[in-house]
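Here the structure comes first, spelled out in structure tokens, and everything after it is commentary.
Note that these values count all heavy atoms, side chains included, but never hydrogens, waters or copies made by symmetry. Chain naming here is simple, since letters A, B, ... match the order of the sequence lines and numbering starts at 1 in each.
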Amino acid sequence: MPRPELSLNFNPQSPFPVLFKEMRGFLGGVVAGTLSSIVAFGSYKILFGEDKPDLGQQDTGDKQVSPFHRDVLKYGSPDQGPSVRYYGNHVLSYNQAHKIPNWVIEKISAENTKGKANRKNVKFKPDPGVEELFTASNSDYLGSGWSRGHMAPAGDNKHDEQHMAETFYLSNILPQNLDNNAGFWNRFEIYCRKLTEKYPNVRIYSGPLFIAKRNEEDGKKYVKYEVIGQNEVAVPTHLFKIVIVENAKNNPVAMGTFIVPNEPISFQHHLKEFQVPLMDLERRAGARFLPKMNVNHVQDLCQVETCDLMKKTEFDLYFIGRRINNATNLNQLQKAWNELSQKSLEPDEYIKRKYKEKYDELSKKEGG
DNA sequence: CGGTCACGAGAT
DNA sequence: ATCTCGTGACCG
């Protein structure tokens, strides 16, 4: 399926300076743009310091609340629920109107990705911590044409079944294109997990975006998004991810920010195509994601690392390897093995060995 | 790894 | 009769 619009539909009049189109043609520009934003932001912090008055705190800080204000709020301030929600291995902000998260943060290490917690033992379900009035339900998603996409992935919680179960709460889920979810986004998540082999800590911020698109009829820009099910769960136009890798001293080494359309993305596309300066994401999301991070000396992730996701053959072999490993009878094992020739793939040594082991094990069981 | 869907048993 | 739940087949 072709992707009609790769760009975010920026145009020359756009207030946003960075264009995907430009970024693709302007190879060094990606890096330069990212770094200059980082440097600019860093300088800002240095020049003005952390003590600069924070407008975001005017309602909680030293400002006097007058009797007048108290009276205006006689029946209480509108309650949009907890601004931050805490789980075993992730933290998120939930949007009670959209019925999806605003952002989800995780910090993962190699240990998180190893373990026997299995997603087959866990079910998607409404977050018991979210008021029923504001929660999505499985029935909103089923038959909608959209899949239930994790923000904090199940695969980042192999070490703890309870933590994994919490990622299946619908507070951590949003409507995601199935192809995107199982394909490009999946490979992106696998790439993030792979980074834990090299860096002790990998921090990942994920969430939805609702990005405007220009209407050809009147030349105006509109945000258009579907809502699904009785609860009218909002379908984001794009997904974002910030990836930060840290060294053994727990200092940030490199960072990358990405905005990916919520649609199928073929193997031809490289993750770098979706990289944007952090501030572009922040402007769209309406949030400063790293207000306390010292961004000095933080490098571009795609320069320090490759940002190469799995290629198609590697990805296919990966599935087949898992299917061989998980086969519970000879029929399944043989089907998985046959996929190799169907897809003209050469089994690597690991797969050959696993196949033999499984074959012996299962034929002993079934043979008698 | 990421998912959906079909189907039958059991409860309502 | 209809819904919920667990299981297993299937797909990228």
Side-chain angles (χ1 to χ4, degrees), chain A residues 1-3 104 106 108 110 112-126 136-159 161 163-165 167-170 172-197 202 204 206 228-230 233 235 239 241 260 262-269 271 309-340 342-345 350-351 354 362:
Chain A
M1 198 170 165
R3 296 183 335 98
V104 181
E106 354 155 43
I108 62 168
N112 296 86
T113 68
K114 297 166 190 154
K116 47 178 300 195
N118 189 332
R119 54 184 293 133
K120 292 290 177 192
N121 302 329
V122 193
K123 295 176 303 186
F124 291 98
K125 63 175 170 187
S137 69
N138 282 323
S139 57
D140 294 325
Y141 285 87
L142 299 180
S144 71
W146 297 91
S147 72
R148 293 167 289 191
H150 283 75
M151 289 298 96
D156 288 354
N157 295 275
K158 298 289 288 179
H159 65 297
E161 193 144 324
H163 294 175
M164 181 181 282
T167 70
F168 279 78
Y169 290 165
L170 296 178
N172 179 49
I173 303 296
L174 50 74
Q176 187 172 5
N177 173 276
L178 177 55
D179 217 84
N180 180 298
N181 193 4
F184 190 87
W185 197 256
N186 186 16
R187 287 185 289 134
F188 193 178
E189 290 171 343
I190 292 169
Y191 177 73
C192 292
R193 281 193 281 276
K194 196 170 175 60
L195 289 172
T196 65
E197 295 171 7
V202 178
I204 307 164
S206 310
I228 57 173
Q230 279 205 311
V233 181
V235 181
L239 308 178
K241 223 184 238 308
V260 178
N262 188 8
E263 58 191 49
I265 295 171
S266 75
F267 284 88
Q268 293 192 307
H269 293 283
L271 178 56
L309 306 185
M310 276 190 185
K311 307 277 180 242
K312 178 157 175 55
T313 53
E314 191 185 357
F315 199 45
D316 285 340
L317 279 176
Y318 179 76
F319 299 141
I320 293 172
R322 295 204 97 81
R323 278 198 254 278
I324 287 174
N325 244 339
N326 298 334
T328 55
N329 58 57
L330 280 173
N331 185 34
Q332 286 180 1
L333 181 67
Q334 202 55 44
K335 271 188 179 168
W337 183 255
N338 290 343
E339 276 189 61
L340 289 168
Q342 283 164 23
K343 298 188 173 174
S344 316
L345 295 168
Y350 173 83
I351 286 188
K354 274 293 165 196
L362 292 173

Anything under 30° is parallel, anything over 60° is perpendicular, the rest tilted; go ahead and classify A/His150 against A/Phe168.
perpendicular
Taking the six-membered ring for Trp, are A/Phe184 and A/Phe188 parallel (under 30°), tilted (30 to 60°) or perpendicular (over 60°)?
perpendicular
Checking contacts here: which listed nucleotide (C/dG12, B/dG2, B/dT4) is nearest the side-chain heavy atoms of A/Arg323?
C/dG12
Which nucleotide wins on minimum distance to the side chain of A/Ser147, given the candidates B/dG3, B/dC1, B/dG2?
B/dG3
Can you tell me how far the CG atom of A/Asn112 sits from the CG atom of A/Asn157, to the nearest 0.5 Å?
6.5 Å
Contact check, residues 186-196 of chain A vs DNA chain B, heavy-atom distance under 4.0 Å, returns A/Asn186, A/Glu189, A/Arg193
Residues of residues 112-124 of chain A with a heavy atom under 4.0 Å from any atom of DNA chain B, listed by number, are A/Arg119, A/Lys120
Closest-nucleotide mapping onto DNA chain B: is A/Gly155 or A/Leu142 further toward the 5' terminus? I mean the 5' end.
A/Gly155
Spacing of A/Leu178 atom CG relative to B/dT4 atom C1', expressed in whole Å
7 Å
Any side-chain N or O of A/His150 less than 4.0 Å from the OP1 or OP2 oxygen of B/dC1?
no
Please check the phosphate of B/dG3 (OP1 and OP2 only) for any side-chain N or O of A/Asn181 closer than 4.0 Å.
yes
Nucleotides 6-12 of chain B: protein proximity per nucleotide (B base, S sugar-phosphate only, - neither; heavy atom, under 4.0 Å)
-------
